[in-house]
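Reckoned from all heavy atoms, side chains included, excluding hydrogens, waters and symmetry mates. Here, residue 1 is the first one in the sequence, and each next residue gets the next number.
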Amino acid sequence: MLFITKSTRVYSSKPRLSRPSKLTIREKRSMTSMVKKNPCLTATQIATDIYEKLDKNIRENTARKILKKTEYRSRVVPSKPYISMTNRLKRIAFAKDHMHKPLEF
């Protein structure tokens, strides 16, 4: 990029503020759509998918940064507690007994 100083009318190149991004805006958008389709993807899986589809080698941290900027936060999915077969049957029986009762009871 070129800019002109008003006093001297000298053309000079503007210094770059930071390193250019590895991914374009469209590629970042495709990454967020991948996460929207499958929210259980890890950053490593996203990085390998981008390498396979777009032939661009990015690190897991880069994928995490891009997802954080698009307001996708990482979290651990809570595991469901184990329910034995006897308790399952008791729950189903309770639900069937109370299905048609009024809400005020």
Side-chain angles (χ1 to χ4, degrees):
M1 291 179 52
L2 296 174
F3 72 98
I4 305 170
T5 56
K6 286 186 178 180
S7 60
T8 59
R9 300 257 185 220
V10 175
Y11 293 95
S12 61
S13 61
K14 194 173 186 179
R16 186 180 296 273
L17 295 177
S18 64
R19 184 176 179 173
S21 178
K22 273 194 167 183
L23 299 176
T24 62
I25 296 170
R26 181 175 288 173
E27 293 164 346
K28 290 177 184 178
R29 209 175 321 123
S30 70
M31 186 190 320
T32 55
S33 69
M34 284 172 25
V35 173
K36 189 182 281 188
K37 289 177 188 173
N38 185 4
C40 295
L41 286 176
T42 62
T44 310
Q45 291 171 340
I46 293 169
T48 53
D49 283 349
I50 295 241
Y51 180 70
E52 290 170 359
K53 291 178 182 176
L54 306 174
D55 199 33
K56 291 196 176 184
N57 193 10
I58 64 167
R59 296 181 184 231
E60 295 87 19
N61 287 338
T62 308
R64 283 189 200 105
K65 285 179 192 176
I66 292 169
L67 293 175
K68 279 185 181 179
K69 286 182 182 177
T70 57
E71 298 183 2
Y72 278 101
R73 301 287 187 251
S74 65
R75 58 185 130 327
V76 177
V77 178
S79 60
K80 290 186 175 182
Y82 175 73
I83 301 172
S84 65
M85 187 55 73
T86 57
N87 282 338
R88 284 185 200 175
L89 295 174
K90 286 180 183 178
R91 284 179 174 212
I92 291 171
F94 179 84
K96 286 181 180 178
D97 290 342
H98 293 81
M99 192 180 328
H100 298 293
K101 289 192 177 182
L103 295 175
E104 292 84 28
F105 78 95

Just wondering, are more than 12 heavy atoms of other shown residues or ligands nearer than 6.0 Å to CD1 in I25? no
Working to the nearest 0.5 angstrom, can you tell me the gap between [X] [atom1] and [Y] [atom2]?
X	Y	atom1	atom2	value
L54	R26	CG	CZ	11.0 Å
R29	K36	CZ	NZ	11.0 Å
M34	L67	CE	CG	8.5 Å

Side-chain polar contacts of residues 45-53 - donor-acceptor pairs under 3.5 angstrom, sequence neighbours left out - could you list them?
residue : atom : partner : partner atom : Å
Q45     : OE1  : T42     : N            : 3.0
T48     : OG1  : T44     : O            : 3.2
T48     : OG1  : Q45     : O            : 2.8

To check you understand the geometry: which heavy-atom pair defines the closest contact between V35 and Y72, and what is its length? CG1-CD2, 3.9 Å
Return the minimal non-hydrogen interatomic distance between A43 and A63, and the atom names on each side. O-CB, 4.2 Å
Not counting sequence neighbours, which residues clear ring pair (Phe, Tyr, Trp, His ring centres under 6.0 Å) with Y82? List them please. none
I want to check something: taking the side chain as every heavy atom from C-beta on, are M31 and L23 in contact at a cut-off of under 4.5 Å? yes
For the side chain of K22 and the backbone of K56, is there at least one donor-acceptor N/O pair under 3.5 Å apart? no
Residues passing the side-chain hydrogen bond (donor to acceptor under 3.5 Å, both in side chains) test with N61, sequence neighbours excluded, are R64
